[in-house]
Peer 1: 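Shown below is the structure under consideration.
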Amino acid sequence: MKISNRISVIVAGLVLALPVFAQQSGKDVYTKVCSTCHATGLAGAPRLGNGGDWAPRAARGVASLYQSALTGTPKGMPAKGGHMTLPDAEVKAAVDYMLGSVKDAVKAAKAEAEPKKEEAKKEEPKKAEARKEEPKKVEAKPAPAPVAAAPAAAPAPVASVAPTEVSAGDINSFNRLLKPASKRNLPPPEDGIHDPANDGTHALQPPLTAFGALPKSNAGNRVNWVEAIGQKKINPRYDRNDPKAEPIVMDLNIVREVKGSMPDVVYPHKQHTEWLDCSNCHPAIFVPQKGANAISMASILLGEKCGVCHGKVAFPVSECRNCHSKKKDIAKAPAPAAAAK
Ligand code: HEC
Ligand code: HEC
Ligand code: HEC
Ligand code: HEC
């Protein structure tokens with residue numbers, strides 16, 4: 001899929017560059033890029049041809065939708081669908097194409113809202129300008145991986161109170177890999193994360209007790225969290241405010257070929273999207289396009305790319321085979337979970 005995809009994107013790019021084909025290009029761009037998400041409603045994307053999905057958005061005006069498509073939104077729309085090389089005009093044409101697929105529904109909704117009707121497909125910059133807040137909201141940088149931000153921010157106030165060796169501000173201060181066995185999973189008042197002066201801290205269940213019934217791993221806090229969730233031993237709430245929210249699990253493996261003798265890296269979307277929102281990684285940490293991100297072990301060790309989480313809130317870099325799970329060609333070696341899936 002990947003290679004043919006890329007070729008077709010290039011081909012489409014060449015063809016679409018001719019303004020004569022502007023009308024055609026919207027559909028092509030949609031098919032090549034946008035349909036990944038907008039055909040099925042992946043991650044909550046408004047679906048092609050689904051009036052209910054589009055009408056409330058179209059009501060904000062087409063300029064607002066162009067803006068979202070060009071710069072992305074915090075709720076999962078990547079800027080230009082992750083293909084930053086697309087000319088603005090083609091992205092807009094793809095928006096037009098999707099709006100065209102729900103023309104009638106949008107028209108009906110609009111007629112209801114206000115008597116003045118016009119085809120939603122047509123540009124209405126004036127109307128959109130009246131709603132300046134929308135594009136502005138979109139411009140706000142997507143929250144950079146809340147998961148990782150929490151630990152990074154936490155040590156600061158604590159370090160002054162808790163007598164631990166954790167030094168605030170150090171990128172690896174939360175790296176469990178670096179903790180000697182005797183310092184792992186300390187009770188909350190001693191862990192350097194919770195405030196020991198707060199009574200609530202002492203009421204918390206110590207991790208060693210809490211983790212007792214969970215599947216084990218060899219690193220970090222010694223719990224295999226992927227299995228724990230797979231075996232339904234834990235059932236974490238996906239959204240802090242909404243107990244019924246369900247994750248959008250996406251089963252898409254990305255293989256990153258590694259130069260040299262190390263096995264290739266398999267990045268599994270499934271295990272990640274069971275915990276995380278698309279916007280935790282896209283687009284702040286990774287552009288959603290296979291091969292578009294330069295990832296190296298050095299950057300991971302520095303706490304970037306995969307290292308934003310791995311070594312901090314997910315299994316650490318010591319577990320080479322969890323990531324380097326795809327044998328190059330030689331016969332099968334005992335492959336870790338990720339490769340099998
Ligand atoms: C990786 C998935 C993905 C791809 C690829 C993608 N989108 Fe989206 N898109 C989304 C999601 C998720 C939303 C809903 C986000 C929201 O509500 O803010 C969305 C919303 C939108 C919206 C409505 C934004 C709004 O303000 O209501 C437009 C317009 C849009 N996408 C255009 C496009 C175009 C054009 C392309 C192709 C060039 C594209 N998208 C590719 C995921 C994607
Ligand atoms: C933990 C981080 C993470 C999360 C969460 C995540 N992704 Fe990704 N995604 C990646 C990485 C890494 C790549 C590969 C980038 C590369 O190869 O340079 C990728 C690639 C992609 C691609 C490109 C696929 C291709 O073949 O080109 C799409 C589309 C995508 N992600 C959509 C999503 C959607 C939709 C969600 C939420 C349901 C999501 N991602 C959640 C990390 C993540
Ligand atoms: C936003 C945080 C985040 C980022 C970025 C991230 N991961 Fe993860 N990853 C997790 C979490 C959380 C888990 C599940 C908990 C665990 O296994 O420690 C996980 C699990 C995994 C697993 C599953 C192992 C299994 O047991 O099935 C693999 C493999 C993996 N990550 C590889 C990667 C690679 C490779 C990258 C970079 C391309 C990456 N991750 C980037 C948070 C992240
Ligand atoms: C969290 C996932 C993860 C873990 C754990 C991990 N790696 Fe990597 N490794 C990667 C990714 C991603 C790349 C980049 C692949 C690429 O070029 O796209 C990489 C690349 C490499 C490379 C190629 C050179 C470079 O820096 O890009 C070597 C060698 C390597 N890893 C060795 C190791 C060893 C040894 C371990 C265990 C001590 C390890 N890795 C653990 C994800 C991981």
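Ligands are counted one by one from 1 in listed order, and the atoms in each one are counted from 1 as well.
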Peer 1: Against heavy atoms of L276, which atoms of ligand 3 measure under 4.0 Å?
Peer 2: 1 (C), 2 (C), 42 (C)

Peer 1: Could you check atom 36 (C) of ligand 4 against the protein and tell me its nearest heavy-atom contact, residue, atom and distance included?
Peer 2: C320 SG, 2.8 Å

Peer 1: Could you list the atoms of ligand 1 found under 4.0 angstrom from a heavy atom of V91?
Peer 2: 35 (C)

Peer 1: Using a 4.0 Å cutoff against the non-hydrogen atoms of I295, which atoms of ligand 4 qualify?
Peer 2: 12 (C), 14 (C), 16 (C), 17 (O)

Peer 1: Do E190 and P196 have side chains that get closer than 4.5 Å, going by heavy atoms?
Peer 2: no

Peer 1: Could you tell me whether atom 2 (C) of ligand 4 has a protein heavy atom closer than 4.0 Å?
Peer 2: yes

Peer 1: Parallel, tilted or perpendicular: which one describes the rings of F286 and Y267, with boundaries at 30° and 60°?
Peer 2: tilted

Peer 1: Closest approach of V255 and K290, non-hydrogen atoms and distance?
Peer 2: O-NZ, 2.6 Å

Peer 1: How far is atom 40 (N) of ligand 4 from its nearest protein heavy atom, and which residue and atom is that?
Peer 2: H324 NE2, 2.8 Å

Peer 1: Between N322 and ligand 4, which residue portion shows a heavy-atom distance shorter than 4.0 Å: side chain, backbone, both, or neither?
Peer 2: neither

Peer 1: Below the 3.5 angstrom mark, is there an N/O of M297, backbone or side chain, next to an N/O of ligand 4?
Peer 2: yes

Peer 1: Should P78 be listed as contacting ligand 1, given a heavy-atom distance under 4.0 Å as the test?
Peer 2: yes

Peer 1: Look at atom 25 (C) of ligand 3 and find which of V226, N221, I229, N280 reaches it with the closest heavy atom.
Peer 2: V226

Peer 1: Would the number of heavy atoms belonging to other residues, nucleotides or ligands and lying under 6.0 Å from CZ of R237 be above 12?
Peer 2: yes

Peer 1: Identify the protein heavy atom lying closest to atom 42 (C) of ligand 4, giving its residue, its atom name and the separation to 0.1 Å.
Peer 2: I300 CD1, 3.5 Å

Peer 1: How is the N/O/S atom of H272 that comes nearest to atom 8 (Fe) of ligand 3 named?
Peer 2: NE2

Peer 1: Please lay out, stage by stage, how D88 and K80 fare under the test salt bridge (Lys or Arg N to Asp or Glu O under 4.0 Å).
Peer 2: CA-CA 8 Å; D88 288 7; K80 296 191 169 184; 2.8 Å; yes

Peer 1: Please list the nearest protein heavy atom to atom 22 (C) of ligand 4 with its residue and the distance rounded to 0.1 Å.
Peer 2: V258 CG1, 3.6 Å

Peer 1: Under 4.0 Å from a heavy atom of P46: which atoms of ligand 1 are those, numbered in the order shown and with their elements?
Peer 2: 13 (C), 14 (C), 19 (C), 20 (C)

Peer 1: I want to check something: taking the side chain as every heavy atom from C-beta on, are N293 and R256 in contact at a cut-off of under 4.5 Å?
Peer 2: yes

Peer 1: Any nitrogen or oxygen of S68 lying under 3.5 Å from a nitrogen or oxygen in ligand 1? Just yes or no.
Peer 2: yes

Peer 1: Decide, counting backbone as well as side-chain atoms, whether M262 has an N, O or S atom less than 2.8 Å from atom 8 (Fe) of ligand 4.
Peer 2: no

Peer 1: Does ligand 1 have an atom that lies less than 4.0 angstrom from a heavy atom of R60?
Peer 2: yes

Peer 1: Side chains of R321 and P263: does their closest heavy-atom pair fall under 4.5 Å?
Peer 2: yes

Peer 1: Judged on heavy-atom distance to atom 38 (C) of ligand 1, which of C34, G72, G81 sits nearest?
Peer 2: C34

Peer 1: Is there a side-chain contact between I229 and P236 (heavy atoms, below 4.5 Å)?
Peer 2: yes

Peer 1: Taking only heavy atoms of C37, which atoms of ligand 1 are found under 4.0 Å from at least one of them?
Peer 2: 1 (C), 2 (C), 3 (C), 4 (C), 5 (C), 42 (C), 43 (C)

Peer 1: A side-chain contact here means heavy atoms from C-beta on lying under 4.5 Å apart; do W225 and I234 qualify?
Peer 2: yes

Peer 1: Should you measure from each heavy atom of A94, which atoms of ligand 1 turn up under 4.0 Å away?
Peer 2: 35 (C)

Peer 1: Using a heavy-atom cut-off of under 4.0 Å, does the side chain or the backbone of H282 touch ligand 1, or both, or neither?
Peer 2: neither

Peer 1: Counting each atom of ligand 4 from 1 as listed, which ones have a heavy atom of R256 under 4.0 Å away?
Peer 2: 16 (C), 18 (O)

Peer 1: Test side-chain contact (heavy atoms from CB on, under 4.5 Å) on I285 and N280 and set out the steps.
Peer 2: CA-CA 8 Å; I285 308 179; N280 289 139; over 6 Å; no

Peer 1: Would you say the side chain of P207 lies within less than 4.5 Å of the side chain of P188, judging by non-hydrogen atoms?
Peer 2: yes

Peer 1: Look at C323 and state whether any of its N, O or S atoms is less than 2.8 Å from atom 8 (Fe) of ligand 4.
Peer 2: no

Peer 1: What is the minimum heavy-atom distance between A228 and L214, and which atoms define it?
Peer 2: CB-CD2, 4.4 Å

Peer 1: Ignoring hydrogens, just give me the one of Q271, E304, R321, E274 whose non-hydrogen atom is nearest atom 23 (C) of ligand 3.
Peer 2: Q271

Peer 1: Could you list which atoms of ligand 3 come closer than 4.0 Å to a heavy atom of V265?
Peer 2: 35 (C)

Peer 1: Do S64 and ligand 1 have an N or O pair less than 3.5 Å apart?
Peer 2: no

Peer 1: Ignoring hydrogens, what is the shortest heavy-atom contact between P268 and Q271? Give both atom names and the distance.
Peer 2: CB-OE1, 3.1 Å

Peer 1: When you draw lines from atom 8 (Fe) of ligand 1 to NE2 of H38 and to SD of M77, what angle lies between them, to the nearest 10°?
Peer 2: 180°

Peer 1: If hydrogens are left out, which of E90, K92, R57 has an atom nearest to atom 27 (O) of ligand 1, that is, the closest non-hydrogen atom?
Peer 2: R57

Peer 1: Quick one: do C278 and I248 satisfy side-chain contact (heavy atoms from CB on, under 4.5 Å)? Show the steps, please.
Peer 2: CA-CA 9 Å; C278 313; I248 304 151; 5.5 Å; no

Peer 1: Can you tell me how the ring of Y30 sits relative to the ring of Y97, calling it parallel under 30°, perpendicular over 60° and tilted otherwise?
Peer 2: tilted

Peer 1: Which of the atoms of ligand 3 are close to F286, meaning less than 4.0 Å from one of its heavy atoms?
Peer 2: 5 (C), 37 (C), 38 (C)

Peer 1: Counting each atom of ligand 1 from 1 as listed, which ones have a heavy atom of A69 under 4.0 Å away?
Peer 2: 32 (C)

Peer 1: State, yes or no, whether a side-chain contact exists between L48 and S35 at a heavy-atom distance under 4.5 Å.
Peer 2: no

Peer 1: Any side-chain heavy atom of V29 sitting closer than 4.5 Å to one from V91?
Peer 2: no

Peer 1: If you count the atoms of ligand 1 from 1 in the order shown, which ones are under 4.0 Å from a heavy atom of M98?
Peer 2: 32 (C), 33 (C), 34 (C), 35 (C)

Peer 1: Measure H310 to ligand 4 on non-hydrogen atoms and call it side chain, backbone, both or neither using the 4.0 Å cut-off.
Peer 2: side chain

Peer 1: Which of the atoms of ligand 3 are close to K305, meaning less than 4.0 Å from one of its heavy atoms?
Peer 2: 5 (C)

Peer 1: When you measure from atom 28 (C) of ligand 1 to each heavy atom in Y30, W54, Y97, Y66, which option holds the nearest one?
Peer 2: W54

Peer 1: Run the numbers for me: atoms of ligand 3, each under 4.0 Å from some heavy atom of C309, listed by number.
Peer 2: 1 (C), 2 (C), 3 (C), 4 (C), 5 (C), 42 (C), 43 (C)

Peer 1: Heavy atoms only, cut-off 4.0 Å: how does W275 contact ligand 3, side chain, backbone, both, or neither?
Peer 2: side chain

Peer 1: Taking distance alone, with N or O pairs closer than 3.5 Å, would you say E319 contacts ligand 4?
Peer 2: no

Peer 1: Check step by step if side-chain contact (heavy atoms from CB on, under 4.5 Å) holds for M297 and V317.
Peer 2: CA-CA 9 Å; M297 281 318 290; V317 170; 3.6 Å; yes

Peer 1: Can you confirm, on distance only, whether ligand 3 has an N/O atom lying under 3.5 Å from any N/O atom belonging to P268?
Peer 2: no

Peer 1: Taking atom CD as the centre, does E257 end up with more than 12 heavy-atom neighbours from other residues, nucleotides or ligands that are less than 6.0 angstrom away?
Peer 2: no

Peer 1: Indicate yes or no: does an N/O atom of T73 lie under 3.5 Å from an N/O atom of ligand 1?
Peer 2: yes

